[in-house]
Amino acid sequence: MSFADTFLAGYGEKKAESIVVPVSSDSPDLDYANGFIADNRDDLQRRLGNRQIQLIAIGGSIGTALFISIGGSLAKGGPASTFVAYTIYTLFLGLVNNGTAEMTVMMPVSGGFIRLAGHWVDDAWGFMAGWNFFLYEALLIPFEITALCTVLGYWSDHIPAAAVIAAAIVLYAILNILAVGLYGEAEFWLCGGKVILILLLYAFTFITMVGGNPQGDAFGFRYWSHPGAFVGRTSLAQFEGFLASLWAASFCIVGPEYVSMVAGEAKRPRVYIKRAFKTLYWRFGFFFILGSLCVGVLVPSNNKTLVDIFVKETVASGTAAASPYVIAMQILGIHGLPNLVNALLVTSIFSAGNTLTYCSTRSLYALALEGRAPAILRKCTKRGVPIVCFCVIMVFPCLSFLQLSHGSSQVLTWLLNLITAGGIIDYIVMCVTYLRFYAACKAQGLDRRSLPYYGYFQPYAAWIALVWMVVIVLCYGYYSFDPWNVQDFFIYYAMIIVAVVLFAGWKLIKKTKWLSAHEIDLVWERPTIDAYEATFIDEPVSFWREMVQLVGLGKRTGGNDQRTASISA
């Protein structure tokens, strides 16, 4: 048995307390004099509990796309194209999640997949991954705030947008600057609102389609027959409609990257992060696949409001009136319910912006940890908040003030189109990183079945997902080629060009090396993480027990996740 196999054996969550940790006496992470085991090798603190991480995994990244923008997929592709495209993309993202979960649960470090990319592939690969994810997350914040302003406009045109923007920025600052636990608690309740909204809309869909509506019309799947399952009179037009639905799905369906980013601040990462990654699989099916089916049942693809908003673009698309669900309520003559949907949309959009603020802050901090950003960005508060990174990030929400000028709002639209490919590039990074990790495990004799999370069907799953994501990102702006349009080409392929420049530039400047399978460090921060987890004295609680504890039942004396002062206590 090799060194790596011996050292890393016994990863399972049930064996965490019996791990023997070989560490050097000069390790900066262990204070032997005081018997204290640090949370991380950096200054972030593990304060996110099970229920918080579970809700972040379930709904932390869901914003306007699932409730409003999905209408564009329906109008351009039809109900069948929408359902098939969302299902296919969900399945492939599940393959990405499979490998990312195995890596992250084994090595739940601050910065998640960003730092894994640099340590297990190439420093230049990590540099590109970090800056790509940072730009993608930070530039999405002003869009969520802009959407928040527009959705509030559903009730009145007289709500001052500047005041809404300022209030959102202040609230994001409060929730992210005090402590990570406050962010986690806020997301728990905000994501709970998203789950309620989704359940409400699904119930509305079922009840109305079987005849429970003011018109007593049991319409069922009528709109799949008239105007039809696909949009377009020719096979080519229908295929292009399917592609439009696929591009919409690629922007709407996300998840693995967000769970990976909170791994460094999870109380019991080997247990709670593992559970969160498993949650993603049924979230993909329950939210995205079922959601894509519901909109095709409720609204015909040729609905005038839907076409005017998403095809002709003659009506603003950010308001709740653009939601297929609200359009269905108007068609059926249902009053009052749209106001409730709009209210829950406000919490969903605010939550998405809050998560973007958190992830962009942590991605910039991860870059600084590895020397890929200025060292001053590593400074944290006593509560484990990267304060300098936070100050930098808070500049980006201020870009939402551009919407107050009609001309400047177009700049925001261009920026959104520019960065859309960034999310797909993240998944390409994860797939490549996993393939190098897999090669290292094989070369160094590490039995992957001994890991706390074992990804099945590997490395084939990673290869299939990689090819799929590369095809998606390369074909995303295919119509800019015929006829040739320089502006459209750079709008849709700018992030790919930026990624290539970032990777090549850092590689040339730093002369980095693509690591061979035998050179990849599979130990890295394992001693610190093992020592930290070995200090827990109680069994981890389940999500539902934590939920029951919220009402005062089943509480443990001293609380959950109690720890000893040291690994030997």
For F390, check ring-ring contact (aromatic ring centres under 6.0 Å, His included) against everything at least two apart and list the hits.
-> none

Set of residues satisfying ring-ring contact (aromatic ring centres under 6.0 Å, His included) with respect to Y183, sequence neighbours excluded | Y358

Using only heavy-atom distances, determine whether the side chains of E525 and Y532 contain a donor-acceptor pair under 3.5 Å.
-> no

Measure up the W120 and F437 rings against each other and bin them: parallel (under 30°), tilted (30 to 60°), perpendicular (over 60°).
-> parallel

With sequence neighbours left out, what residues match S81 under side-chain contact (heavy atoms from CB on, under 4.5 Å)?
-> F230, F242, S245

Name all pairs fulfilling the salt bridge (Lys or Arg N to Asp or Glu O under 4.0 Å) condition that reach into residues 83-103, sequence neighbours left out, sorted by first residue then second.
-> E102-R448

Using side-chain contact (heavy atoms from CB on, under 4.5 Å) as the criterion, list what pairs up with E370, not counting sequence neighbours.
-> R115, H119, R372, W524

Which word best sums up how the rings of F284 and F288 line up, parallel for under 30°, tilted for 30 to 60°, or perpendicular for over 60°?
-> tilted

Sequence-distant partners of V501, side-chain contact (heavy atoms from CB on, under 4.5 Å), two or more places apart = I497

By side-chain hydrogen bond (donor to acceptor under 3.5 Å, both in side chains), E519 pairs with (sequence neighbours left out) K513, S516

If the plane angle is over 60° it's perpendicular, under 30° parallel, otherwise tilted; pick one for W506 and F127.
-> parallel

Can you list the residues that meet the side-chain hydrogen bond (donor to acceptor under 3.5 Å, both in side chains) rule with T347, with sequence neighbours excluded?
-> none

Sorted by chain and number, sequence neighbours left out, side-chain contact (heavy atoms from CB on, under 4.5 Å) with L550 holds for R51, F188, W189, M547

Is the F396 to F134 ring centre distance short of 6.0 Å?
-> yes

With P540 as reference, evaluate E546, R545, R275 under the side-chain contact (heavy atoms from CB on, under 4.5 Å) test and give the passing residue.
-> R275

Centroid-centroid under 6.0 Å between F92 and Y89 rings = no

In C359, S360, P386, the residue satisfying side-chain contact (heavy atoms from CB on, under 4.5 Å) with I393 is S360

Residues K507, D122: salt bridge by 4.0 Å N-O rule = yes

Please name all residues satisfying ring-ring contact (aromatic ring centres under 6.0 Å, His included) with Y427, sequence neighbours left out, ordered by chain then number.
-> none

All side-chain hydrogen bond (donor to acceptor under 3.5 Å, both in side chains) counterparts of Y281, not counting sequence neighbours = N97, Y453

Please name all residues satisfying side-chain hydrogen bond (donor to acceptor under 3.5 Å, both in side chains) with N132, sequence neighbours left out, ordered by chain then number.
-> D426

Aromatic plane relationship, F133 with Y136 - under 30° parallel, 30 to 60° tilted, over 60° perpendicular | tilted

